[in-house]
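Here is the structure we will look at, set down as structure tokens.
Note that the numbering runs from 1 along the sequence shown for the chain. Reckoned from all heavy atoms, side chains included, excluding hydrogens, waters and symmetry mates. Because the structure is a prediction, the values reported are computed rather than measured.
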Amino acid sequence: MEAIKIYLEKMISLTGLAADYVPVVRYAILVILAFLLAWLAGWACRKFLVPVLLKVTRKTEAKWDDVIFSQRVLTSASRIIPAIVIWILLPHVFYEYPKVEEIVGRLTAIYFTVMMTRTVIVFIDSFKELEHGARSSRRQYIYSICGVLKIVMIFIAVIVVISIIVNKDPSTLLAGLGAASAILMLAFQDTIKGLVAGIRLASNDMLHIGDWITVPSAGANGKVEEITLTTVKVRNFDNTVVTVSPQALVDGSFQNWQGMIENEGRKQTRQVYFDFRSLKVDDDGVANITKFRQHIEEWLKQNPKVVGEKPVLVRQAEAAQAGCCVEFMFWLKAQNALDYEHDTSEVMEYIFAKASDYDLRIYQQFPEQ
């Protein structure tokens with residue numbers, strides 16, 4: 001390095017510059033070269049080293065190295081290289097200016113801390129891609145643990161940056177935070193509660209990504225897109241997005257429709273009231289409403305839109321002032337809301353229309369004239 005300095009001074013002197021300005025120009029050139037070298041080192045790492053490492057990981061049969069050492073992780077790690085280069089060159093370039101060396105050293109240390117923290121966070125996020133089971137409990141635990149680790153890393157990074165700025169040992173600052181633990185607990189209470197609630201949701205197999213849930217209190221009716229420490233993101237069927245806290249789901253109530261989706265069929269129960277005055281017994285001694293019930297029950301069993309393996313029941317329910325109540329219970333094959341409503345309408349419309357064939361009148365209340 002000394003030889004470079006002497007060589008630079010000779011080259012600068014050849015330009016005819018005054019001798020008093022030669023050290024200043026030489027110092028400026030060395031600073032520019034140091035930062036240029038640091039930038040080139042980072043660029044070369046991203047341009048050449050990262051592609052080589054990606055090719056190596058892709059050739060292996062293991063999947064974990066493709067995820068953990070992904071392009072995002074390696075690219076983020078390459079941004080640490082310039083700080084390392086500046087740190088190595090620091091005593092050789094700024095040895096004549098201790099104050100400048102100290103300031104640049106602190107800025108380099110802060111940059112190194114920030115880039116290292118960013119790389120670790122990207123590395124932690126890559127663990128989420130290791131578990132491909134969208135609805136597995138293990139995936140939920142991974143999301144919760146990753147969220148906690150990122151918070152811890154950010155907290156440590158803030159302490160280290162503050163210690164660099166005030167020129168104090170980080171352990172001294174951490175020891176001083178013991179008295180402020182109550183304030184920290186208050187600041188992170190939502191995160192702590194969210195972590196506990198998320199673990200309860202996962203361990204009790206209550207909620208997974210991809211589940212269809214309804215939360216009336218929050219106006220949520222759609223599929224779960226993301227579960228974090230503090231929020232559960234639900235995309236409604238009208239494409240609006242609602243965020244609900246895990247704590248609200250645990251403390252309150254919500255309806256999970258996933259069990260219905262995974263099982264064949266969706267249950268439907270309807271009631272129809274018939275005018276008592278239209279009930280009568282035929283010559284064969286069987287009531288017309290009995291024949292009607294038997295026909296509808298058999299028709300439902302043969303209906304291609306009804307699950308034949310599930311129970312079909314058309315029964316006499318408790319009578320009311322509105323008339324003789326007949327209850328229809330069946331399971332439709334349609335799972336999505338649109339087809340389900342259309343199929344239900346078709347079934348009920350057939351029931352309404354068929355009642356007249358058995359001389360049955362469906363009860364209806366006419367408005368007062």
Side-chain angles (χ1 to χ4, degrees), residues 1 27-28 30-43 45-46 49-50 68-70 72-128 142-196 198 228-230:
M1 193 68 184
Y27 175 72
L30 286 176
V31 171
I32 294 172
L33 287 176
F35 282 99
L36 181 61
L37 185 61
W39 178 82
L40 285 174
W43 177 82
C45 185
R46 292 192 299 272
L49 185 58
V50 170
I68 296 177
F69 299 106
S70 63
R72 289 181 65 242
V73 175
L74 295 176
T75 302
S76 181
S78 65
R79 292 191 171 93
I80 303 174
I81 304 300
I84 298 174
V85 174
I86 292 294
W87 194 266
I88 294 173
L89 297 177
L90 201 60
H92 302 288
V93 176
F94 300 97
Y95 71 98
E96 295 177 322
Y97 303 94
K99 287 294 184 181
V100 177
E101 180 181 354
E102 181 182 356
I103 294 172
V104 176
R106 289 189 184 184
L107 292 175
T108 304
I110 292 173
Y111 174 83
F112 179 84
T113 303
V114 173
M115 289 297 103
M116 178 62 75
T117 305
R118 184 176 182 274
T119 301
V120 173
I121 289 175
V122 174
F123 181 77
I124 291 172
D125 283 335
S126 65
F127 279 92
K128 297 179 181 179
I142 289 175
Y143 269 67
S144 299
I145 293 172
C146 288
V148 173
L149 290 177
K150 287 193 290 185
I151 292 174
V152 171
M153 285 304 305
I154 293 173
F155 178 73
I156 293 174
V158 171
I159 296 298
V160 172
V161 169
I162 294 174
S163 67
I164 293 172
I165 294 173
V166 301
N167 198 22
K168 294 289 185 180
D169 189 351
S171 60
T172 305
L173 293 177
L174 288 171
L177 287 174
S181 58
I183 299 176
L184 291 175
M185 291 287 289
L186 182 63
F188 292 103
Q189 62 174 335
D190 290 339
T191 302
I192 296 172
K193 289 180 179 179
L195 173 62
V196 175
T228 64
L229 287 175
T230 55

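How far CD1 of I165 is from CG of L107: 9.0 Å, rounded to the nearest 0.5 Å. Rounded to the nearest 0.5 Å, atoms CH2 (W43) and CD1 (I81) are 15.0 Å apart.
With V160 as the partner, the side chain to side chain contact (heavy atoms under 4.5 Å, CB included) test is satisfied by one option alone out of T113, I110, V114: T113.
Between I86 and A34, the shortest heavy-atom contact is CD1-O, 3.7 Å. What you find for R118 and S76 is that their closest heavy atoms are NH1-OG, 3.2 Å.
For T108, there are no side-chain hydrogen bond (donor to acceptor under 3.5 Å, both in side chains) partners two or more places apart in sequence or in a different chain. In this view, I154 and I121, V158 satisfy the side-chain contact (heavy atoms from CB on, under 4.5 Å) rule, not counting sequence neighbours. Here E102 pairs with R106 under the salt bridge (Lys or Arg N to Asp or Glu O under 4.0 Å) rule; sequence neighbours left out. Every residue was checked against the side-chain hydrogen bond (donor to acceptor under 3.5 Å, both in side chains) condition with R46, not counting sequence neighbours, and none meets it. Listed by chain and residue number, F127 satisfy the ring pair (Phe, Tyr, Trp, His ring centres under 6.0 Å) test with F123 (two or more places apart in sequence, or in another chain). Judged as a side-chain contact (heavy atoms from CB on, under 4.5 Å), and not counting sequence neighbours, the contacts of M116 are I80, F112, V120.
Considering only heavy atoms from C-beta on, L40 stays 4.5 Å or farther from V85 through its side chain.
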field: Full working for side-chain contact (heavy atoms from CB on, under 4.5 Å) between T119 and R79
entry: CA-CA 9 Å; T119 301; R79 292 191 171 93; over 6 Å; no
field: Derivation and outcome, side-chain contact (heavy atoms from CB on, under 4.5 Å), residues T75 and V122
entry: CA-CA 10 Å; T75 302; V122 174; over 6 Å; no
